[in-house]
Structures are given as C-alpha cells and as structure tokens.
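Chain A is the first sequence line, chain B the second, and so forth, proteins listed ahead of strands; every chain is numbered from 1.
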Amino acid sequence: MTSIIFRTATRYMFPPLLVFSVYVLLRGHHYPGGGFVGGLFAGSAFALYALAFSVADARKVLRADPRDVTAVGLALALLSGIPPLFSKEAFLTGTWWTLPLPAGGTLDIGTPLFFDIGVYFVVLGVLLTLVFTLGEEE
Amino acid sequence: MIRELLVAFFLLSGGALSLVAAAGVIRMPDLFTRMHAATKTGTVGVSAITIGMIIHFSEVTVTSRGILVIAFFLLTAPVAAHMIGRAAYRSGVQLWILTRIDEWKSHGKNEPDEEA
Amino acid sequence: MQLFITNVLISMLWALLTGRVTVGNLAVGFALGYLALTLMYSNAVEKSSYFQKTVQLIRFTLIFFKELIVSSWRVAVDVVKPLPLMRPGVIGIPLDAETDLEITLLANVISLTPGTLSLDVSKDRKTLYIHAMYVVNPDDLRAEIKDGLERRLLELLR
Amino acid sequence: MRGLQLFSMWILLAICFIAALSAPFVHRIIPKYTGAALVSAPLAMVVWLLSKIPEVGNGHAITQSFQWVEKLGLEVAFRLDGLSLLFALIISGIGALVVLYTQGYFKGHPQQGRFMMYIIAFMGSMLGVVLADHILLVFIFWELTSFTSYLLIGFNHESADARNAALQAMLVTVLGGLFLMAGLVLMGDAAGTWRLSEIVQRGHEITEHKNYLAILILVCIGAFTKSAQFPFHFWLPNAMQAPTPASAYLHSSTMVKAGVYLLARLHPALGHTEEWTLILTTIGTITFLLGAIMALGQHVLKRLLAYTTVSALGAMVMLLGIGTKYTIKAMAAFVLAHAFYKATLFMVAGGITHETGGETSIDKLGGLRKAMPISFGCALLAGLSMGGFPPFFGFVAKETWLHALGDYPLLIVATVVGGAAYVLVGFSTGWKPFMGKMPEGLHAHEVPLTMRLGPIVLGLGGLVLAVFCGPVGHALVQPAAIAIYAKELEVHLHLWPGVNIYFVISIVTLVIGTVCYLARAHFVKGAGKLSLLVRFGPDAVYQAALNGVLKFAAWHTRKLQTGILRDYIRVTVVTTVLLVGAAFVRSGGFQGWENLSPISLRVALFGILMISATFATVHSKSRLRSILSLGVVGFCMALLFTFFGAPDLAMTQLVIETLTVILLALAFYHLPTFRHGSTKRTRVIDIIISISVGVIVTLLVLAALHVQTPTPVSDYYLDHSYKDAHGRNVVNVILVDFRALDTLGEITVLTIAALGAFALLKLKPKKEGAE
Amino acid sequence: MEVVLAIVIGVLYAGGVYLMMRRNLIQLIIGLGLLSHGANLLIFTAGGLRQGGAPILAEGEKAFATTPADPLPQALILTAIVISFAVTAFALVLFLRTYKTVGTDDVDDLKEMQK
Amino acid sequence: MVEFICPIVMLMLTVAFGAAFVRVVIGPTLPDRVVALDMAATIVVALILTHCVQSGSTYYIPAAISIALLSFIGTVALALYIRRGGAS
Amino acid sequence: MIFLPVLPIIIPLAGAVLCMLARRNIAVQKGLALITSVFILLTSLAIFAQTKDGTIAVMNVGSWQAPYGITLAIDMLSSVMLLLVGVLSVGVSVYACFDLDVTRMKFGFFPLMLILLMGVNGAFVTGDLFNLYVWFEVLLTASFILLALGGERAQLAGSIKYVTLNLLSSALFLAGIGILYGMAGTLNLAELAHLVKDGARGDLLTMVAVMFMMAFGIKAGMFPLYFWLPASYPTPPAAVTALFSGLLTKVGVYSMIRMFTLVFDTDPAFLHGLILVGAGLTMVSGVLAAAAQYEMRKILAVHIVSQIGYIVMGLGLFTELALTGTIFYLIHVIIVKTNLFLIAGAVNRLKGSYDLHKLGGLYKEKPGLSILFIISAMSLAGVPPLSGFFAKFTLILAGLRTESWLIVATALGVSLLTLYSMTKIWAYAFWKPAAEPLPDLNPMPKSKWFIFLLPMIGFTVITIALGVFAGPVFDYAADAAAQLMNPQGYIDAVLGGGM
Ligand code: NA
Ligand code: NA
C-alpha cells in the first residue's frame, strides 16, 4: 500500500495520460510524436498505475496480457505493409484514402497510420511486459 | 509592445525563480529544506516561463498545452515531493541539526510501517 | 455540473458562430454564457452550487496563487538569509479532510504554499505530517493551516 | 576378353568403393563369405589390368577423362601406362589376397565388415593414386589413403597405442600431403596444365621455372612422409598397431609406395637436375641404411619387417635419385620383388601371431614348422627372396641394383650393409620362428585356407617371377621403367647373370648377412644403445613438436581467453584504436577546421555540463549517483537535440531517459551496491585506453566533418514528405514510410527484448548451489 | 560548434569504455548507456548540424521555405535510441538474473564458469 | 526585446541546471540526488519552452509535456526505491 | 512474385507473431515453426531460381526509389546465403522439436528462433547500410535471448560477455554509419559505391573502412576480437549453438564481404592486407584454442573462429578465385558446422556430457551417429572429396596464384591442426572406451531417434553432395564472385530502378 496522496493523484492522472498518448500517436504524422512516443506514454501511464497500486491492479486495468498486446501490434505493423500486394506494389508502400469530414474538411487515412498504431501497441506491450515482470520479481 | 513586455517579464521572473531554486538546492542545509526550494520555486519558475510562452504565441493550441504543462506541474510536484520526503524520512535521512521539533517522530513512532 | 457543461457548450457555440476558435474568443463565449446562465437561473435551486462554487473557486485560486508567489519570494529570501535564522520542524496537523481527493489536494496545496511541505498522512488518515521552515510555535502554524487553506479548500469541495 | 571392354578405370574404381561401402552389409548378410564376395572387386581390376598388359607393354597408354569441377580445372582423368600398370597390379593383386586373408584373420570378429570396408576403400584410393592423370585427383586419392589408413591403423581403437599410432601416421602423412598439394599446384601452374601426362612432357618448363626448387622440396616432403623416408620414417614402425592384414597391405606393397610412385611418376618433370639427385639420393641412402640398422635390433616380428620396409623404400628413393637408366630399371624390379616377399612375410607373421594367441616376439617363438608347415614354406621362400638368395626374384632385383650402382662405390658399400641386414631379417622371419624347439606353453596350428592363399601365391610368386624373369622384365618392368625414364630403354632380367664382380658382392653380402643372423643376440643387445637415437630421434621430435604445439595452444588460450571481460574489452578496444588510428594517419590525419561553425555559448555550456556529468557518471562510488548523472547526460542530449531542430528526438530521449531510470530503479532493488574495486594499476591502464578511445573518436568526427557532403538524400525527404507521403513531420514520415522497414526491425527488437526479459525472469532453472 | 560536440562525443565514448571495464554489472550497463549516447550524438553531429529549425512542414505550407535540420540522422538516431533502450532493458534483466543465479555482481567472478 | 531576453533567461536556466547537477553529484543522500534530478527535469522544461519562444517554433512543447509527466513517474519510482531501503 | 525479395524477412516475422499469439500451445508452436521454416526454404529456393543466372533481384520497399527508400537487393551471394538459411532453418526446427526442453519452448524459443532468422535474412537481402544495422540488432537481440534462455549459470556468464562485446561492436558500427553518412549523405550501398567510384570521398574512407572492419570483425569473430564466441557459444542447448554457429558469425563475414567488395575498394594494399593478416591470425588462434580444449562443444565453437579465418582469407586475397573460395567455404562451413553441433548435441543427449574425458565408446554403440560425425569432421578438416576440401583448396590455390606464401603456409598448417582436433574428438568420444560406462539417457524409441537424426543425415548428405557435385557449386560460387568483383552490375540494378 502506497500513499493515499500518490494514489489519488494517479487516479486523476491516468485517464489524461492515456488520452494524451493517443493524441501524440495520431498527431505524429504531422507534428512531433508518433506511435513510439505515444506507446511510451501509454505504457508510462500503466507503469504509474502499477507503482501507485500494484502490478496486479495494473494488469487488471489493462485486461489483456502485455505480450499479446505486443504481438498484436507487431502483427498490425506487418499487415499494414501487405495491402500494396494487391495493387502489385512493393511491401510497405503507403496507401492513402481521403475521407470527407462532417465539418467540410478531409482526413487522410493511410497504411502508415496503421503501421504507427502497430508501433504504438508494440511499445505499450513491451514496456508493460518489462515493468510488470520486473515489478513482480521477488 | 505590452505583450512583449509581459513575455519578457514572465520569462525573466521564471529564470530568476529557477536561479533561486538552484541557490536553495545548493545552499539549504538538509534534504527537507532543499525540497522547499526545489518544489515551490521550481514549479513557479517553470510556470512563469510557460505563461510567458503562452503570451508570446497567443495561439489556442499553445495555450491549451501551456495550461496542461502548468496543471501537470501543480499536480505532480507536490506529490513527488511528498513521496520523496516521506521515503527519505522513513529511511532515516537526518534532519538538519537545528530542526526544532519532530512531531512525526514522537507521535508517529508507534505507527506500523505499511510496507515493513 | 450540468450547468458547467452547458456553459462550455455555449462558449463553443459562440466560437463557431463567430467563426474564430481562439482562446480569447472561447473565453468571451464562456463569460457570456456564464452571464446568461446567471440570469436564467437567478432563482433556481441548482444555482447555489454552481455559482457559489465559482466564486469560491476564484477566491481560492487567487489566494493560492498569491501564496504561491509569496512562497517563492520567501524561499528567495531564505536562500539569501544566513542559515541559523531558519527554524525548521516537522509537525502533525489533525485533518478534517476525509476523502482521498480532499486529503490529496490539501497536501498539495500545503506543499505549494510558503514554508510548508507535506510529508505524509498517518495511517488512520487523521493527521498530516508536514515539514515547515519556520516553526516558532507549532500550534499557531497548525491553526493557520486549518483555518486558512483547509477550511477554504473544504468549502470549495463540499 | 571382350567382356572386359565394358570396364574402364573409373567403373572399376567405383566398384571398389561400392564394394567397400557395402562391406558391412555384405558381412551382415553372408558373414562367412564376405571375403569371397568382396574379392570380386579387386579381382575384376586384376583381370582387367592383366588384359591390358600387351597394349601397355607396346607403349600405349589407356586414358579416360571427364569434367568434375570445370572452372577449377579439375577433371576426373585416368591414365594407364607402364608405371601405373605395375603399381596397380601389385595393389589390386595383393589387395585381392589380403581381402581373402582378412576373411580368415577376422573370422567371427563382429567388425569384420567394417575392416573390409576400410581395406577395400584403402585399396581403391591407392589405385586412384596410381591411375590418376590429374594432379588434383592424385592428391584427392592421396589424402583418402591417409584417411583410410588412419581408420585401419586405429582399428583396434580401444587400445590407446593404436589410436596414437593412427593419429601419428595421419598427421605425418597429411602434413606431407599438404606440402605435396602446394608443390603439385605450383608445378601444375608452372607447366600450364594439371594433367600429369602433359606435365611430364614439359620437364624443362618446370626445372627452369623460378619456383622449381620450392616445387621439388614440397613434392619431396609429401612423398617422403608417405614413403616413410628419413626423417619422417618413424610413423611406420609405430603403425604396426594395425591388424596384420592392414600392415601387410599398407606397409608392404601399397600406401608407403605411393610416395615412391609419385616420385617415379614425376621424375621426367622434376628429375635430371642436381637438386633432384642430391635430395633423393641423400635421403634415400640414409633411410635405406637407417631402416636396415634399426631392423637389426628388433625382435618383434612386425617391427622387424617394418624397419626393413623403411629401408627398402629408402633404397627405391635412392635408386630413383640417381636417375640413370640402370638405376631406374633396378628400382622398378625391386618394387616388384619387395611387394612379393614383404607381403608374404607380413601375412605369415600375422598368421603366427594369430595362431599362437598373440605372440609377436621371435625370441619367444620356435619350432612352428610342424604345426604350420605351409606357413613355414611360404615364409622361407619369402625370407630367402628378401635376403637376395638365388633363385628368387629378390636376387634378380638385387643383381640389377648392384649393376646399376657400378659408378657409385660408396653406395655399393651401403648396399652390402643393407643387404646383410635383409638377410638377417629374412632368416629371422622366415626361419627362426619355425626352427628349433617349440617354447613351452606355445600352441599353434596351421592357418585356415583363406590365410594360406596369400602367402602361397606370393611366396611361390617370388620363385615363379625369378624363373620367368625375362618375360616379366619385358612385360612389366620395362614399361614401368620407360614411363619413369621417359625415354626408350630395354629391360633384360637374368636369373643367372654369370660370375662377375657384382655377383661376388652379392655372395659376400649373403655371407655377412648369415653370419650376422647367427650373431643376432649381440645386435639385440646393441639395440639398447640405439635407444639414445630413439630418444632424440624423429619420433621424439614428433612427440616434442606435438606436445609443444599443444602446450603453446594451452598457453595461448590461457593468455587470451582469460574469462575476464575486462581483458576482452581491452584487447578489442586497443586493437580498434590502433588500427583506426593507423588508418587515420595513413589517410593524412586531421585536415583542418574550415567547415566548423562558431561555438555558441549555450552549446559550450551544455558541452561542459555533459562532460562533467559524464565524469560524475564514471567516477562514482554510488551506483545511484552514477545513474542519476547519466540522467543528466540524457537531459543534456535532449537539450542539444532541441537546440538543433530535433523535437522528436528530444521528446524520445527524455521519455526513454526517464523510463530507463524507472527500470533501473526497479531492478536495482535487487542488486547490491558497488563494492568491487580495481587495483590502481588496472585503473590507470583502463584510463589510458579510454582516453585513447575518446581522442580517436573526437578526431574521427572532426575529420569526417571536413568532408563536404554533396547533396544528402534527405533533401528528397523534405521535398516529398508532404507531397507524396501525406505527412508534415518529416522525421515521422521517414520512420513510418520512407524507411518503415527499419522501424519494423526496430519494433521486432523491442518485442523480443521484452520476450527475453520475461523469459529470463520467469524461467528459473532449478536451484544451483549459490556461492 | 562541432568541436564542442566532437569532444563531448569523445568523452562519452571514453567514459563508456572505461565503465565497461569495471568489475560491476551495473557499471557495465551504465557504460553501455554512455556509449549509446555517444553513438547517437556522433550520428547527429556527423550528419551535419543545421540551425534551420525542425524538419516539420508548418500548417498550410507546401514546401520548406528554409532548409531545416537534416531529418534522416534524426530518424536514424530515433531508431538507434529505441534499439538501445530495448537492449539495455534486456541487459539489465540479464544482469539481474545473473546476480540472482550466480550470487555475484562481480564481472571478474564470472570467469570461473569458463572452465 | 524577446530575442534579447531569451539568451539571458537561457543562461539563468543553464546555471540553475548546473546547480541541480551539482546537487545530484554531491548528494549526500539518495533523496537529495533525486530531488535535484527532479528539479533538473523541471528546468529542462523551462529551457525547452524558452527555446520555443526564442526560435518561434512550437514543436518542442510536447517534449516539455513529456518530461513534465515522466519526470514525475521517475521521481516516484525512485522514491519507492528509497522506501524499499535503497537510500544509501 | 513481386513481393519475393522481402519474403525472407516477413515470413519468419509472421511465423514469429503467430507463435507469440499461440504461446500457450507448444504443439501449435512447433507446427508453426516447422511450416514457417519450410516456407523460408521455399522462398529462398524461389529467389535462388530467380537470381542464379546473375540477375539481381531488387525491391524498393515502400516503392521509394533508391537511394531514398530502403532497397533490398539480392545478388548471387545473398541468394545462396538465403538458401542456406532456409536449409538450416528446416533442419534446426526439426531438431529443436525433438531435442529442446518444454520450458524453453514455453518461454519463446520458436518466435526467437524465427526472429533470429528474420534478422539474418534481413542482413542478407538489404542494400542499405542502416537497415543492415537494424537487422544486425534484430539477430543479435534474438541471439542474446536464445543464449541466455534457460538461465543456467554458464549460460548467463557467457551471455554477459557476448552481449557486452557485441554491443561494443554495435556502437562502433553505428559510429561508422554516422561518419559515412556525414561524408556521403546517403545510406544506400549502391549509391555509396557509386560515390566512392567517383573518387570524391577522399582518403578518409580508409579510416571508415577500418571502423567497419572492426565492427564486422567482432561480429564475425576475427582475431583478436572473438572472445565473446568461446565464452558463450558452448553454453546454450545444441539447437541454439547450431543455429548460431551456422549463421551469426557468417552474417558478420557476409557484411564484410559486401562492404569490402562494393563500397570500400580504396587503398586495397592496406585494407586487404589488414584483412589478410587478420585472417591468418584468426585461423591460427582459433585452431590453437581448439587444440587446447577437451570439451566437444568448445572445440567446435573455437573452430568457428578458425573457419572464419579461412573465409576472410579469400576476401583478403581479393581475387575472383579467392572470393570463389570464400563463397564455397561459406556454403560448406555453414552446413558442416551446424551439423557438427547438432551431432554434439545428440551425443550430449545420449550421454549427458560434452566432456571428452568422460565420453567414449560411441563408435561401438552408435555407429550411425559416428559415421555422420566422422564425415562432417573430415569435411571440416578438408579431406577430399568432401565439401571442405574444395573450399580450402580453392582458397589455397588463390593464395598460391597471388604468391601469398605466408598465408598459404598458415592455411595449410591450420588445416592440419583442424584435422588434429577433429580426430581428437573422434578418438576420445567415439574410439576410446568410456572411462566409466555412461548410461544411455536417450529415451527415444528407434523410429523417433531416426527422425531426430534426419536433419543430421540431411546435412551430411549435403556435405557429400557439395563435394561430389562440386562442379555446379563451384560454378555458382565463381559466378557469384565475379558478380562481387564487378559491382557495377549491382550498382546499376539498384540505382537503375527495380520495382
Ligand atoms: Na516534477
Ligand atoms: Na553532412
């Protein structure tokens, strides 16, 4: 049991940190950030949670096993390179779709984005695997 | 012009406060007194600089992020100080010899250490 | 809370209407919305919590920032002063704050205000131990904190 | 004979190897008739060879070739000329007899099949050596004989002596083989062809080539090791560890003669020079005498024979070295004679040992004539042939030999000495064990038919050859001699040469030899004095060399692989610094400051801070101080990244720095504090090494900055990032698009690092006693 | 500017190597950390320092008005940082495991196992 | 004016950073070092934000936010480490 | 198949990801690993078929034209290396399925193995310097973990040395990349080669070349940089060591060959002279270390060093024939060395020891295994007509033709000592009777034992085939060497487009 103060602060910081991590991830293509730093932030949020409460609690919040998160992320990154196969282009060729936004603008969605999301999950999973395992070590 | 003056004011006071914090961290006699300097002055110093920056750019995104920086500092700095202070105290870091009173020691002695 | 959300929505609507999404414009919208809401709910029951809290929040914030600045100044002075003039000490403050949030905010505020630094909360959550730079009389200090920061904070939160 | 047209050299060889490989299986199926079945392979060869005698005798060579490794110039090329024919006949003929002998010798032995496999493979390899017409092919078969003889000598592998002898024989012959290979290749390149038949026609090109002496020495070393010439002779007597059929085969007729064969084969290419004569004659004579003298003091049957084999090989080399028409004829005749009597004696010796339950010393043998009459007969025939008594082929050969040495009186004296020894050994092996009284406790009976066949055929063969020495000389010896001499010559062998000086010398030799035999006891005693020669002889040198190499190896390994990480790092780093430094100096060193930008205050300040923080990290007794100072270094890095326009880097650096601290803190909970000091000396050395690293890196960076970049590829990224890759943050676009493959690799590294950390922490081996 | 950074890089490499030659597992890992800082800074410096701002195209613009910092070394360093983080984390766990299994953090003691 | 002020502020911050570093080095206790490093992180934020003003580029703000958040986590982790008895 | 050049990377990765997702079920993991290995082999065969006539298979990943994106370029050398990886992966997978303990499988052996293969393949196909670094790190990290997996004392002690020295090498490699980029402004190997051919980069290139030589030298296990190898290789299970011995150091050598034929052809007297000296010392030092050992696995491990010396010797001599020898040697030694480690593992499985003093009598007990061993051992020692003979002979011939007497003498002497150490193993473990009878620890029934032996039988057959059919192999190696000696084709193929 750690401090009330710390745990309370953590409880209030945890959601914004996760939101911030997604923000960093999604803006990464245009501004500083990206999947890597985003994943680190998300992982840090869970690490903070594990420090304040316990690794077991943090695992409960995450629900999935971090190693599965990693594997899924890696799979996503790998798969994002496959679509060009169907248009006879090289592996990892960026494929973009422009979506109209309700407010009138447009949004570019492309395979590099999915790649970055894959990176995000890998980093998240990796960091948590490390932190949780080290935290659980006797 | 006023904006520039404001920016300059906030930046300079931020810098000055940081210097003060630095001086405190160097000069204060024990951990706890040093923490006073580091926590308060450091936080105010960086907040001042953040405000200076907000005024300098006067953009929504910069402002929101600037506020975020300040908010985070105000939330985390004391918590961090608390965590270190308590850890240091419990692990037996000595108070300055001129410390007058230690009620925690006298009252809190019987309190079982949660993690022991 | 509903009123606050309504207020935020009004400020956003204002920004959209004026077509400029800037801090200033949002603030203006918020202020206008607040005024409008004050008028709307001048007699309603819900009024008390939202509008009263607003006043308390503003007051608390002002006091807090004043203290913050003062505290920085005090440290600045302390840093320059000869060391033996300090009278540091660790004292316990009996808590009225009960919830986690109350205790946490109080501890944080105490840490950020002059001369005091929260160290820990006792296990029974009844006492907050703080480190103070100038302990001339521990009881005076205790009273000062309880009447000043704690009372105001609890007023705001409850 | 028409049916034989189907066969050709490579098919016959292939049959040999197939027979070898199938031997264990054949043995499993028909254990009693293994030899009978397998002998068909060498017999086929013998028959085929015999059928070619007329053609080859007329000076025609039979050739056959196809490509193997074309670009390397390696062909599978065979050529049967007189020399090849003589050797191939000996090899396959005696081979066939040995295979049968083996059947009897190893009767009921569970690993008879295995032995058959080795011996037939060995025979095939030997045949390959003498039939190959390509230097590489010669070498390939040559090495195969070394390898198969290794297996043969070490056949009784549960005995340490057998293993050591096998190793010794292999190391010596392979060592020679390596020299030989170098020599052959140089020779081939000097001649411009790797075909032996073409090389021997270009003798002048080789003897006048600048590498001639090197080629000659290399080839000689190769041949000498194989043919047990001084000073490489020592392995041969030791190789007596091999089971008798192997000894008989390896040491009488075949493997050891590979060297002689090769020298003979290359005589047209390398011979006719002073160097050739000097080297071969000297070494040959020394070996001839040494082997003969060493034989005098022996009492173990097989060792007696082995030393005389050494001696005989020396004689062949000596004769070849002189290189006259006559000596070459003599040599060819002697090869034939030696093969017959020596193989017989080995086989009989094996039979004696076999039937007496393992007795090997002639001093403990006697009176076997009744128990083993046939063996006795054969041994006597061979022993007399060996001694050079008429009317055996040994005598015929010796006569030719003495004739040939007419101009070399010293060598005649040597021949008399050696010949006397042969007489002694001939009696010792062909007479002594059978005559006199049978020692008590010795039981023996005649060897089985399979083991009798070889001695009978070969023992009688010595007589038959002598009787038909005229035709034999014409059909077998003459073509071989022509091939060696590379010019026309005629061979006339006579059983009765008439009384002349050489005949007298011959008789004198026989008398001396007989007297010596009667006084044998003195020689055996005298052999004790020769122990000095043994102790400091080549065998000892071999042991010393091997031990020396092993000792050096152990020392080298101890010194280099200390097990201390610091030593490894030191060597690695110092090597790197020295070599990079050398390259730096070589490339003109530091070249100027022109391209450097002026120093700004804040960079200077942070530089100083970073350096101080690094010092604090390095020089710290507290590991946390070290870690936190490293954190300061990281902060400074992030700030530098900020100052030079790298926000992504700054952000990542900061996050990573903090996370590293967290991980370290989590892990440090379990780790103890620093407490292992180093000595001052160590520290000083380490500091010097470290500083040199720092200096070289600094210089490298400065030197590299001096080189102007033309247009870096990154300009492309700046232009196309938004346009083609839909991203404004160029760094991010590089990471997820332009160079996404790097990132894919990077996240793979991350993934497995986590996987590994997990496995390491969770997978705990069963408790080993902690210190 | 580069001179300062070149010296810093040299010091980082020197410090890293020195620490790696100490006897303690933790010093070893800190040494690796310094070395990786050195390598990153080296790429950054050798890649050319341009004070032209971040290689991020401002909102609304189609091309860079002035040449910004070279983005490629930055991307390379990013990759290198991540990789070295992964490796460091693993090495840390490895050392921890070693300490717990072997019972020493003295690198010199590990030589016994060579035999 | 801002161009003129920024270097001065930066210098001040750098000095403060240096002071924090000195405390990291001299300690004497681990909590002292941790507090000093935490302060150094705060000053890094200030430095980065000042650089934003100086260079007119807002791209560095996320870096500042990152350090604000993560230095907290780091400090807390170290505090917990101290709590577990690693103060020496 | 437009994806072909990248398949050697993504197939193992996909297999690894699936294995990770199936981490609870070992049977599924085994199946996945085997299937993936077979696919790796098939892919490499397809690539081999495409490149065997000298075509360079090029793929610009992400469709960014060279030199801007990462280009994968597969020439004949890469292609044959990929093929070897494919063959090895199948063999080692089968072996591992039988030999490895369940705990190691549970804790990620198969994904790690596949990722190791991914890294190795990546290094072989990439045409980009930094990408090469990334693959190096991938394979190194995987190897770190495979090495330490199991956490036994010796493993850990070895791992620390391995990790440390290899990271030192990475720092050096990275520094080299940084400086080279600073000087040339590109990371694409072909572009670098192109710039160097223009002569614009000056003498400093020699210095950078030496840095790369050292970085790759550490990874390749050259003297005096090889210490990590004997410290670590003899510690993990046989399947792992076999994989390592076959592939890891070879990646270092491959990279050295690639860089020193394509990019660094400045100052050959100095650079190739240095390589030659290194090669000689490496051979000698490795073989001496082997002579001093009495532990089967350690002998084999330090022999890797010695073999590296031979491989590098060809690069040092730097003629077409010499490179042919190098390539032949690579092909030969990867197969043979892997096989020897697998056989050593089988011995250990039977007798529970690698100690030559303890072992014995195997020739009597397990003639089949003995024959597999002696063939491979003799091949390694260079006994004709096995693969090792042609490999060594070609190198020595190249040495003789360039009149590099010293290196030829060294190579010959070392080959004798190699023979000595191989016969030492043979004499001690197989011929000699065991000092005290060792129990048969092998619980496998005969049919299973045969399947277990299958990879070894396969590799042995390959060794023999490489000798008997040396012609085509040599032709291939010679063509590959010619391609390396004339890098313009590579440069044109990469910079001239591709897909
Ligand atoms: Na903070
Ligand atoms: Na540049």
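- What you find for E/Gly47 and G/Tyr181 is that their closest heavy atoms are CA-CD2, 4.1 Å.
- With respect to chain E, the highest number of heavy-atom pairs below 4.5 Å among G/Ile179, G/Thr141, G/Thr235 belongs to G/Ile179.
- Residue E/Leu76 touches chain G through both its backbone and its side chain, counting heavy-atom pairs closer than 4.5 Å.
- Within the 4.5 angstrom heavy-atom criterion, only side-chain atoms of G/Phe130, from C-beta onward, approach chain E.
- Scanning both residues, G/Gly178 and E/Ala46, for their nearest heavy atoms gives O-CB, 3.5 Å.
- Between atom CE of residue E/Met20 and atom CG of residue G/Leu165 there is a gap of 7.0 Å, rounded to the nearest 0.5 Å.
- The distance from the CD atom of G/Gln155 to the OG1 atom of E/Thr101 is 10.0 Å, given to the nearest 0.5 Å.
- For a residue to count as touching a neighbouring chain, one of its non-hydrogen atoms must lie under 4.5 Å from one of that chain's; by this rule E/Phe44 does not touch chain G.
- Contacts between residues 167-177 of chain G and chain E, defined by a heavy-atom separation under 4.5 Å, are made by G/Leu167, G/Leu168, G/Ala171, G/Leu174, G/Ala175.
- No side-chain heavy atom of E/Val87 sits under 4.5 Å from any side-chain heavy atom of G/Leu140.
- Residues E/Thr79 and G/Tyr133 are not in side-chain contact: their nearest non-hydrogen atoms beyond the backbone lie 4.5 Å or more apart.
- Contact of E/Ser36 with chain G is not made at all, since no heavy-atom distance falls under 4.5 Å.
- At a 4.5 Å heavy-atom cutoff, E/Ile29 makes no contact with chain G through either its backbone or its side chain.
- Options G/Leu180, G/Val163, G/Ile145 differ in how many heavy-atom pairs under 4.5 Å they form with chain E, and the most are formed by G/Ile145.
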